[in-house]
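Start at 1 with the first residue, then count along the sequence. This structure is a prediction, so every number in the text was calculated from the model and none was measured.
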Amino acid sequence: MIKHITSLTNQTVKDIRALHMRKEREVTGQFLAEGLKIIIDALDQGFAPQILVYGKDADHHPLLRRAIDETLHANGEVLEVTHEILEKISRKDNPQMVVAVFAQIAKTLADIDPSSNDVWVALEQVRDPGNLGTIIRTADGAGIGGVILIGDCVDPFSVETVRATMGSIFALPIVKCTREAFLNDRPRWTGSVVGTLLTATHNHRTAPYVRPTLLLMGTEQSGLTPEVAAACDLHVKIPMKGRADSLNLSVATGIMIYAAAGL
């Protein structure tokens, strides 16, 4: 049944709002997604919310009715709340009228079969949630296998990252691992393991990619760590013709994904 909540001190409301904190997401294994589009994308991928929250003034679109029905069918909670509660949950003055809590989709390196797709991407120490979300969205758009996060990376399930994925967080595997675990797993990648380096001689478009290709991208400030760079068997660079000597990480990764995929 749909629950009607008007109190800002309701415990479920407090629990949902706490998912803005990484520690709470790690403890509960849950995350928050905002907006009806992302929620419908999740349903299309077979992921139903554990909790669905919508404003009592929300336009009762047929897609909202679908989200309510599928949440209840999956034994999730549905809450109709006031605008003030939505503001509290979203930490915004103009919140989305529909938000949802989902279970995190945990994947490990052992779950990944490199031969199941031609191209994969691994990011080392990516720190910006917008960059990560955009890369996940681009990876989904290009149809590559998934995204591997190496070392101390931003949480892929933060509200900001999830928002930037535009629903692609549900479409492909996201793996988190330590640098040591990645290097131990490296022998399974029998195709090209490709790193971007300023000193590389291969152009990113004409490099001899061997599939399955794993693209390794480092931070904008310092690139790949020496240990991960040494694990590459092919180094490439994106030519810079203007005054700028570097690209935004999500832009550079998108260029590399489409070049390696031959798109």
Evaluate the side chain to side chain donor-acceptor pair (under 3.5 Å) criterion for residues Gln30 and Gln50: first the C-alpha distance (whole Å), next the side-chain angles of each, then the deciding distance (0.1 Å), finally the verdict. CA-CA 9 Å; Gln30 297 175 319; Gln50 294 182 333; 2.6 Å; yes
Given His235 and His202, is the side chain to side chain contact (heavy atoms under 4.5 Å, CB included) satisfied, shown in steps? CA-CA 7 Å; His235 293 150; His202 288 291; over 6 Å; no
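At a cut-off of 3.5 Å, with distance as the only test, a side-chain donor of Asp15 or Gln11 sits close to an acceptor on the other residue. Neither side chain, Ser90 nor Gln96, offers a donor N or O lying under 3.5 Å from an acceptor on the other. The closest side-chain donor-acceptor pair between Thr219 and Ser222 falls under 3.5 angstrom.
For the salt bridge (Lys or Arg N to Asp or Glu O under 4.0 Å) condition, the pairs that include at least one residue of residues 104-120, sequence neighbours left out, are Asp118-Arg211. Among residues at least two apart or in separate chains, side chain to side chain donor-acceptor pair (under 3.5 Å) pairs with a member in residues 151-175 are Arg25-Asp155, Glu34-Arg163, Asp140-Ser168, Ser158-Thr161. Here salt bridge (Lys or Arg N to Asp or Glu O under 4.0 Å) pairs that include residues 253-263, with residues two or more places apart or in two chains, number zero.
Interatomic distance, Leu43 CG to Asp41 CG, rounded to the nearest 0.5 Å: 9.0 Å. To the nearest 0.5 Å, atom CD1 of residue Ile136 and atom OG of residue Ser250 are 11.5 Å apart. Taken from CD1 in Ile169 to CD in Gln45, the straight-line distance is 11.5 Å, to the nearest 0.5 Å. Rounding to the nearest 0.5 angstrom, the gap separating the SG atom in Cys177 from the CD1 atom in Ile112 is 10.0 Å. Distance CG/Asp233 to OG/Ser192: 5.5 Å, rounded to 0.5 Å.
Counted within 6.0 Å of NZ on Lys37, heavy atoms from surrounding residues, nucleotides or ligands total more than 12; the atom is thus considered enclosed. The local environment of CZ in Arg205 is sparse, with at most 12 non-hydrogen atoms from other residues, nucleotides or ligands closer than 6.0 Å.
For Lys237, there are no salt bridge (Lys or Arg N to Asp or Glu O under 4.0 Å) partners, not counting sequence neighbours. Phe157 is linked by a ring pair (Phe, Tyr, Trp, His ring centres under 6.0 Å) to Phe31, counting only residues two or more places apart in sequence or in another chain. Residues passing the ring pair (Phe, Tyr, Trp, His ring centres under 6.0 Å) test with Tyr209, sequence neighbours excluded: none.
For the pair Arg22 and Glu26, the salt-bridge criterion is met [side-chain N within less than 4.0 Å of a carboxylate O]. We find that Asp69 and Arg66 are not joined by a salt bridge, their nearest charged nitrogen and carboxylate oxygen being 4.0 Å or further apart. Ion pairing of Lys92 with Glu87 is absent here, as no side-chain N (NZ or NE/NH1/NH2) approaches a carboxylate O to less than 4.0 Å.
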